[in-house]
Amino acid sequence: MAALAASRRLLLLLLRPELDPCLRPRALNPYSGRARWAGGVRRAPVLVSFRRGFSDEGSAYAAKNNAPDEQFLQLSLEGGEGDDVVPGISKSVVKDAKKSAIELLAVRAYSVSELRKKLCGKNYSVHTVDSVIADFKSRGLLNDGYYAESFSRSRWQSSTWGPRRIKQALRQKGVPEAEVDQATRSVFQDDCGDEDQASHGFSEASMDHLFAQASKQWLRGSSLPLEKRRARMVRWLQYRGFSWAVTNSIIRKLEAQHPP
């Protein structure tokens, strides 16, 4: 609930700047500051989103418990009433579409393409949806670049997904290719350009993090013959989207540091 409350405060600040002295905590701007390092893994800037996580579909329970209250929705919608309305589109229809979009974003983060599909699925016209999307993008409520980086970092840290699998998932969500490439580079590489990064496309910190996760899997198969143990690790790494160069490097290091 604390994360949801923080998201609501952020949305209110974006839509109602006059509430700034009452609501703004420290370091609320999601686009300011540089990514920080902690435990060998670089943390991304906070994404402007209103979600608890990156579940592919919000459950009925989540929708029920995370739905914004009426006062919150009213304040959010009032913040956009001064925006231009596309000719030929009822102002009430646009307002209703914005309310639907806010309810969706209050449950989880969406890419621009995902939110567009959701709104079109609610039978709003293409022009109405385009108007809402353009308005939300102009106010920083939708940003595919930050969505892609936050999604990439979440999948890397929580599920040990590699670049190939992350890219595939982001493409399916309609994120532009340039944003996909930039997001994975920011997660798996750094500005140092060390030897690992030059040969595998991974920074030293990323390779260390992957080795730590792979070691857990390697030790779980300690009772298996070496060949089966090696094949098991290859499947584990390949399924998560790591290249053959990274896979071979990790397996050689596992065999050297954890001999049979």
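Note that the structure is predicted; figures quoted are calculated from it, not measured.
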Please step through side-chain contact (heavy atoms from CB on, under 4.5 Å) for the pair Ser100 and Tyr124, ending with a clear verdict.
CA-CA 10 Å; Ser100 296; Tyr124 295 111; 2.9 Å; yes
State whether a side-chain donor-acceptor pair under 3.5 Å links Gln168 with Arg165.
no
Side chain proximity check, Ser111 to Phe151, heavy atoms < 4.5 angstrom
no
Do Lys118 and Glu114 come within less than 4.5 Å of each other through their side chains, counting heavy atoms only?
no
With the side chain counted from C-beta on, respond yes when Gln213 and Trp236 share a heavy-atom pair under 4.5 Å apart, and no when they do not.
yes
Are any of the side-chain heavy atoms of Leu119 and Thr128 separated by less than 4.5 Å?
no
Between Tyr147 and Leu170, is any pair of side-chain heavy atoms under 4.5 Å apart?
yes
Charged N to carboxylate O below 4.0 Å: is that the case for Arg230 and Glu227?
yes
Value for CD1 (Ile102) from NZ (Lys98), rounded to nearest 0.5 Å, stands at 8.0 Å
In short, Ser249 meets Met207 closest at the heavy-atom pair OG-CE, 3.7 Å
Any side-chain heavy-atom pair from Arg252 and Asn248 closer than 4.5 angstrom?
yes
Could you check if a side-chain atom of Asp144 sits within less than 4.5 angstrom of a side-chain atom of Lys137, using non-hydrogen atoms only?
no
Using only atom types and a distance under 3.5 Å, with no angle test, would you say the side chain of Arg232 pairs donor to acceptor with the backbone of Gln217?
yes
Donor-acceptor pair, distance only, cut-off 3.5 Å: does the side chain of Ser150 make one with the backbone of Tyr146?
no
Heavy-atom closest pair (Gly174 atom, Ser113 atom, distance to 0.1 Å) is CA-CB, 3.8 Å
Apply the side chain to side chain contact (heavy atoms under 4.5 Å, CB included) test between Lys122 and each candidate in Asp96, Val129, Leu104; give the one that qualifies.
Leu104
Rounded at 0.5 Å granularity, tell me how far CH2 in Trp161 sits from CZ in Phe242.
11.5 Å
Between the side chain of Asp135 and the main-chain N/O of Ser131, is any donor-acceptor distance below 3.5 Å?
no
Evaluate side-chain contact (heavy atoms from CB on, under 4.5 Å) for Gln189 paired with Thr184, printing each intermediate quantity in order.
CA-CA 8 Å; Gln189 300 179 13; Thr184 51; over 6 Å; no
Side chain to side chain donor-acceptor pair (under 3.5 Å) against Ser222, all qualifying residues, sequence neighbours excluded
none
Between OG1 on residue Thr160 and NE2 on residue His209, distance to nearest 0.5 Å:
5.0 Å
Between the main-chain N or O of Ala148 and the side-chain N or O of Ser152, is there a donor-acceptor pair closer than 3.5 Å?
yes
Would you compute the distance between atom CD1 of Ile133 and atom OG of Ser138 and round it to the nearest 0.5 angstrom?
11.0 Å
For residues Leu210 and Leu237, determine if any side-chain heavy atom of one lies less than 4.5 Å from a side-chain heavy atom of the other.
yes
Evaluate side-chain contact (heavy atoms from CB on, under 4.5 Å) for Tyr110 paired with Arg116, printing each intermediate quantity in order.
CA-CA 9 Å; Tyr110 283 85; Arg116 188 187 302 278; over 6 Å; no
Is a side-chain donor-acceptor pair under 3.5 Å present for Ser92 with Ser90?
yes
Give the minimum heavy-atom separation between Val187 and Glu149, together with the two atoms involved.
CG2-O, 4.1 Å
Are Phe188 and Ile166 close enough, and set up right, to give a side-chain contact (heavy atoms from CB on, under 4.5 Å), and what steps lead you there?
CA-CA 11 Å; Phe188 293 102; Ile166 289 173; 3.8 Å; yes
Are Met233 and Trp244 joined in one hydrophobic group, where the rule is that I, L, V, M, F, W and Y side chains link up if heavy atoms are under 4.5 Å apart?
yes
Following the transitive rule for hydrophobic clusters with a side-chain heavy-atom cut-off under 4.5 Å over Ile, Leu, Val, Met, Phe, Trp and Tyr, establish whether Leu226 and Leu254 coincide in one cluster.
yes
Against Ser215, only a single residue in Arg220, Gln257, Lys253, His258 fulfils side chain to side chain contact (heavy atoms under 4.5 Å, CB included); can you say which?
His258
